[in-house]
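Heads up: the structure comes next, in structure tokens.
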Amino acid sequence: MFEKRVSGLFVRAVLKAGASEGWSEEVLKPVLDRGIRLEWPKKEEFGDISTPLAMGLSKGLGKPPRIIAEKVVQAIKDDPLSQGLLSGVDIAGPGYINLTLSFSFLLKFLEETILSEGLTEKVSHPRKINLEFVSANPTGPLHVGHGRGAAFGDSLARILREAGHNVSTEYYINDAGNQMNMLGKSVYLAFRKLDGTFSAEEKTRLLGDGEGYRGDYIPAIAQRIRDEPDLLAPEVRLEAQSGHFTDRVQAAFTEVAQTEILADIRKDLTRFGVSFDRYFSEKTLHESRRNEAPRIAHWIALLERESGGTVYGSEGAVWFRTTTMGDDKDRVLKKSDGSYTYFAADIAYHADKIERGFEALVDVWGADHHGYQARMQAVVKVLADLAGRQVDLKICLIQLVSLMREGKSVSMSTRAGEYVTLGEVIDEVGVDATRFSYLTRSHESSLEFDLAKAKERSMDNPVFYVQYAHARVKSLLAQAVLRNVRHESFTKEDLSFLTDPEERTLIRLLAQFSGILLRCAESFEVHPLTDYLITLAGAYHHFYFHHRILSSEEKDRPVMIARIGLSIAVSRILKKGLSLLGVSAPDSM
RNA sequence: GCGCCUGUAGCUCAGUAGGAUAGAGCGUCGGACUUCGAAUCCGCAGGUCGCAGGUUCGAUUCCUGCCAGGCGCACCA
């Protein structure tokens, strides 16, 4: 809310002090260019906003930090724009400059928070961002790991939009290649089992030594194919029933299986509050339209022609030179049999994104794909150069989720089809608790997800703690109505009765919300927001417990009105924050 | 073997681009409901920030080397 103003204040102060003190611009410039680093000290004795700026300048200027701080502080005090905004500027510790926001400014902020819909400051340079997440292969239902990526990606999209960016969300469907064929075969074999015509020989012939896909959903799809005549063309059905595994049987079973599974995935995602602007099919990259070469061929050929040797042909294959970025060998894009690797498809997909004009690409991946990062960065760089534009690629690696139940780990094996699906987790613990639990930890650290605890209504499961704070306010307001308290207007004057230090603490915390969001948007994180909401809820619970809000005494009325206003502001920020996490804020629980 | 990530209180984790006395919650123990919802609040205890060096006025944070755990290193997807 006030970060930009405060930063501006510091920049002007440093330049002014620098001019009169003869500080070298070479020292100042890099520090100012990086942006003034602002902190919100936990201890209020250190003010509302703090910066270690002077310590950073100390070395370059060859002066003690406190001396530098003094000059900067003087310049700030002389700046007319600090009037009204600040009530205190101090130097503390080794050379921190601590600012205290004026009461009047805080009240103005509070008034706006109660009134306006737009709670947040927007980024100064909105970007057109493509955010790709989940992108699970349509070979089985989403599991708990995908759930984390879904919660993270969706919440990040909401935050980026709130911050003012233009965001498109996308799910990349790996619907080409061997895995899909194997899926079709697996369903076909299950179909044969239902018919009583299954044989081990046929299985070996189709799958070799492999087991294929084995989850419960495989026979379920086979059953549907058996039950619903429309799912297979009559001649294909005849071939399947008589054990002729022709190309069109393969194609039909794969098609049905994929459609069914994708429909289930989308159903789970919808239930989870996650929607995508677009589902992008890998298959479309391989298809040729109107006599044109497939997109994938187009891009690989283009790269081979114009990448200056980064993409080159050798041994009958086409390679990407990844050794220049630390890889131990170059990687194949086009195999000697003429088909393309997954990597090649990914290149074409990212080329497509760039072609669509995105300025920033965000890929949310499972952490097991980390080995792919450097390669993809190199690809995007090459493609962006070809397009003659600056395109940033941010890769968010989501660390793994270990599922627990009452402290004991729930074993999971994807291969054997034994895993807990996202749908099951939602059934058991609910959407709100599931999403919140996923987002209580940084996505960069692994997460222990305890089903029993996620359901528990305790502090172990802070979603209820935060929701309860919101419900408390709503209940309070309802109580106020019952007591015929009218509170339509909350002007600065009405709010000026909030003189208690703990009230100021709450306002100060509310004022940080916007900055937290901007930080999330800048660093592509969600967790700081979750953390903030827990802190805010805690502060309100504390306040509520120690302060009587409603009162029938006439002399207490101004304070009562002001506290109701403060409570409304808290509830609005909580609700807004929760909505960005995709979590509801019920009025009662 | 090479590469990436992680190692902070008994447990699960924060710690914002080196900085102020390293923070929460849970768990343990002990307190608070005649008053707006006790799904809440208050207090006590708990740490050589994996180990050892180095850079710095200052290191949980940066560098190097170890140790431990996880993951990745296909003309698979």
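A note on names: the letters A, B, ... follow the listed sequences, proteins ahead of strands, and every chain is numbered from 1.
- B:rC62 takes the anti form, because its glycosidic angle lies more than 90° either side of 0.
- B:rC51 and B:rG7 have their P atoms separated by 13 Å, with the value rounded to a whole Å.
- Between B:rG54 and B:rG15, the two C1' atoms lie 24 Å apart (nearest whole Å).
- Rounded to whole Å, the separation between the C1' atoms of B:rU55 and B:rA45 comes to 38 Å.
- Between A:Tyr96 and B:rG19, no base-stacking contact is recorded for ring centres under 5.5 Å apart and planes less than 30° from parallel.
- Annotation: ring pair (Phe, Tyr, Trp, His ring centres under 6.0 Å) contacts of A:Phe320 (sequence neighbours excluded): A:Phe343.
- Contacts of A:Phe497 classified as side chain to side chain contact (heavy atoms under 4.5 Å, CB included), with partners at least two apart in sequence or in another chain: A:Pro558, A:Val559, A:Ala562.
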Quick tally for nucleotides 5-15 of chain B: nucleotides whose base has a protein heavy atom under 4.0 Å get B, sugar-phosphate-only ones S, the rest -, giving S------BSS-

Short N/O separations, protein against nucleotides 75-77 of chain B, under 3.5 angstrom:
{"from": "B:rC75", "atom 1": "OP2", "to": "A:Lys329", "atom 2": "NZ", "distance (Å)": "2.6"}
{"from": "B:rC75", "atom 1": "O2", "to": "A:Ser336", "atom 2": "N", "distance (Å)": "2.8"}
{"from": "B:rC75", "atom 1": "O2", "to": "A:Ser336", "atom 2": "OG", "distance (Å)": "2.9"}
{"from": "B:rC75", "atom 1": "N3", "to": "A:Ser336", "atom 2": "OG", "distance (Å)": "3.1"}
{"from": "B:rC76", "atom 1": "OP2", "to": "A:Lys335", "atom 2": "NZ", "distance (Å)": "2.5"}
{"from": "B:rA77", "atom 1": "OP1", "to": "A:Lys335", "atom 2": "NZ", "distance (Å)": "3.3"}
{"from": "B:rA77", "atom 1": "OP2", "to": "A:Tyr342", "atom 2": "N", "distance (Å)": "3.2"}
{"from": "B:rA77", "atom 1": "O3'", "to": "A:Ala176", "atom 2": "O", "distance (Å)": "3.1"}
{"from": "B:rA77", "atom 1": "O2'", "to": "A:Asn137", "atom 2": "ND2", "distance (Å)": "3.3"}

Canonical and wobble pairing (Watson-Crick, G-U, under 3.5 Å) of RNA chain B, dot-bracket with |:
(((((((..((((.....[...))))..((((.......))))......(((((..]....))))))))))))....

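- Comparing the C1' positions of B:rU21 and B:rA17 gives a spacing of 23 Å, expressed to the nearest Å.
- Within the 4.0 Å cut-off from OP1 or OP2 of B:rG18, not a single side-chain nitrogen or oxygen of A:Arg37 is found.
- The ring pair (Phe, Tyr, Trp, His ring centres under 6.0 Å) test applied to A:Tyr279 returns A:Tyr171, A:Phe276, not counting sequence neighbours.
- With sequence neighbours excluded, the residues that form a side chain to side chain contact (heavy atoms under 4.5 Å, CB included) with A:Lys283 are A:Asp175, A:Glu255, A:Gln258, A:Ser281, A:Glu287.
- Partners of A:Tyr172 by ring pair (Phe, Tyr, Trp, His ring centres under 6.0 Å), not counting sequence neighbours, listed by chain and number: A:Tyr349.
- Listed by first then second residue, pairs satisfying side chain to side chain donor-acceptor pair (under 3.5 Å) with a partner in residues 468-479 of chain A read A:Arg472-A:His541, not counting sequence neighbours.
- The same atom, C1', is picked in B:rA9 and in B:rA14; the two are 13 Å apart, to the nearest Å.
- The side chain to side chain contact (heavy atoms under 4.5 Å, CB included) check on A:Ala367 picks up A:Gln399, with sequence neighbours excluded.
- For A:Arg435, the salt bridge (charged side-chain N to carboxylate O under 4.0 Å, His left out) partners at least two apart in sequence or on another chain are A:Asp154.
- Among residues two or more places apart in sequence or in another chain, the side chain to side chain contact (heavy atoms under 4.5 Å, CB included) test is passed with A:Ala69 by A:Ala54, A:Ile91, A:Ile97.
- For the C1' atoms, the distance from B:rU8 to B:rA22 is 8 Å, rounded to whole Å.
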